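Only one structure is covered here, and it is reproduced in the block below.
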Amino acid sequence: MPDATERCSVAVIGGGVIGSTVAWQLAENGYRVTLFSEPAVEHSTTWVAGGMIAPWSEAWPGEGALLDLSLASMRAWPRFAARLEENGHEVITARGSLAIAADDGDVADLHRVMAWLEQRGEPVAPLSRREARALEPGLAPSMRPVFQVNDEIAVDNRATLLALRDRAAAAGAILVERRINDLASLPQDQIVVAAGPWTSELLPELRVRPVKGEIMRLARRSFSAPPPRSIVRGWVRGRHVYLVPRPDGMVVGATQHEAGFDTTVTAGGIRDLLADAEAVFPGIADYAITDMSAGLRPVTPDNIPLIGRVDDRTLVAAGHGRNGMLLAPLTGSAILAELDGQPLAEAAAAHPRRFA
Ligand SMILES: Cc1cc2nc3c(=O)[nH]c(=O)nc-3n(C[C@H](O)[C@H](O)[C@H](O)COP(=O)(O)OP(=O)(O)OC[C@H]3O[C@@H](n4cnc5c(N)ncnc54)[C@H](O)[C@@H]3O)c2cc1C
């Protein structure tokens, strides 16, 4: 492994939120970075995402190691966002989130999640109907509020990606729009594979599979109800929907299917999203649909990403599943620490060789 003081050259493969963050962190710390990515940014999962930085409301009983990793990254987000916003990019679109339920089964499921979080001492607070109405007057009166989390934020995923690439370039990273098919042909000393759901094409021994998610973007019209101010997560008769505020509307997501690399937006997917979103926030019916897309969450067998060294020349930063935006700061720090020869203890659960 090269000594950090040699400031070795590094090829980062993949210009989504993960590769761009890694490229920025490494370039800023003196590594000579080339960031290779396929030209069409809209094909990245990052371009499609919702942008919730939401470790608690994304948490699931039993996934404690993932929550610990997410919380470590969450702690880094305020400074990360502030640095991205220094150059005029507006990244943060909302603060706080609430979880609401449609029927008894949904309430029971959400209570189970809340009880697990409370047991861990996490900052979730019960939410009354009166409090929910005061926070979000546009919510359907039939929905039953369960809990709120004040410390979560939402970011504009697309603005975040553009800001990251700007930051990486300003720190000296060279951005090359090219697909890489053969790692051995690269001249750089070290390689970081951050190819999202396509990672196993370059490193077949690592198991990262695509899990499709359909999502839509809606714009407020002059006579529409204002969008929610917080992230709203609805559990609607066993399905999940979220409404993520944007300055001019909201993002509504997301379906979840095992469909290989298919990114077709289906009528059934959009029907379900619209039905559930309207059950949560009836005013949505007046909004204009501006974008419908599908992305591929890069998922590992245990839902924990793969971050670290694979061999003497190769590192991986991939498999961030439904939390890639959230986990970006920690991933950048972990790859930097690994190259510096001082692996980050907080990222130990994400060691890429843990399945071997
Ligand atoms: C519908 C949906 C909603 C989501 N919402 C959220 C959310 O609210 N919060 C959150 O934290 N996460 C969310 N996620 C998850 C998050 O989007 C992903 O975890 C994250 O974007 C993964 O980033 P990445 O950089 O690893 O991959 P990507 O963004 O896919 O980037 C990989 C890049 O590598 C390039 N590439 C691939 N192979 C090669 C190659 N051989 N050579 C060169 N370039 C290559 C690709 O073209 C792409 O640009 C969501 C995902 C989906 C699908």
Side-chain angles (χ1 to χ4, degrees), residues 11-23 34-55 57-58 66 70 73-74 77 93-94 97 152-158 160-161 164-165 175-183 185-186 191-203 208 210-217 231 233 240-244 251-257 259 261 263 265 269 273 291-300 303 305-307 316-332:
V12 179
I13 319 296
V17 65
I18 299 300
S20 303
T21 301
V22 167
T34 308
L35 173 61
F36 293 97
S37 200
E38 289 193 89
V41 72
E42 61 276 12
H43 289 160
S44 69
T45 313
T46 304
W47 199 250
V48 172
M52 291 168 293
I53 308 302
S57 27
E58 276 289 329
L66 178 60
S70 302
S73 201
M74 183 75 203
W77 252 100
T93 65
S97 57
E152 295 187 333
I153 57 170
V155 298
D156 181 327
N157 51 307
R158 296 177 180 177
T160 301
L161 183 58
L164 280 168
R165 288 196 176 183
L175 275 51
V176 178
E177 292 197 332
R178 173 150 62 92
R179 179 178 173 78
I180 300 300
N181 295 313
D182 176 19
L183 298 182
S185 66
L186 293 168
I191 299 168
V192 181
V193 177
W198 300 277
T199 294
S200 296
E201 291 175 3
L202 293 168
L203 297 171
V208 179
V211 175
K212 178 180 176 181
E214 292 152 298
I215 193 164
M216 52 201 303
R217 285 167 162 79
I231 304 166
R233 303 183 69 104
H240 302 175
V241 68
Y242 51 74
L243 281 52
V244 189
V251 178
V252 173
T255 62
Q256 188 157 324
H257 301 289
F261 285 91
T263 51
V265 178
L273 285 179
D291 188 336
M292 295 183 279
S293 44
L296 303 169
R297 301 176 187 88
V299 175
T300 65
N303 293 332
L306 307 170
I307 309 170
V316 65
H320 293 74
R322 59 186 196 265
N323 294 307
M325 306 294 303
L326 164 63
L327 291 167
L330 178 81
T331 306

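All heavy atoms count here, side chains included; hydrogens, waters and symmetry mates do not. Just follow the structure's listing: the first ligand is 1, and inside any ligand the first atom is 1. In this text the structure is predicted, and so the values were computed from the model without any measurement.
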Kindly identify the option in [options] whose heavy atom sits closest to [atom].
atom	options	result
atom 5 (N) of ligand 1	S73, G50, G324	G50
atom 21 (O) of ligand 1	I18, L161, T46, V299	T46
atom 33 (C) of ligand 1	A54, G196, G15	G15
atom 8 (O) of ligand 1	Q256, M52, E42	M52

Residue portion contacting ligand 1 (non-hydrogen atoms closer than 4.0 Å) for [X]:
X	result
A254	side chain
W47	neither
A40	neither
V41	neither
R322	backbone
L202	side chain
H43	neither

Review point. Taking only residues two or more places apart in sequence or in another chain, which ones pass ring-ring contact (aromatic ring centres under 6.0 Å, His included) with H240?
Key: W235

Exercise for review: Using non-hydrogen atoms of the residue, decide whether R178 is closer than 4.0 angstrom to ligand 1.
Suggested key: yes

Check your understanding: Heavy-atom contact under 4.0 Å between P197 and ligand 1?
Key -> yes

Review point. Does a side chain donor of either S70 or E58 reach within less than 3.5 Å of an acceptor in the other side chain?
Key: no

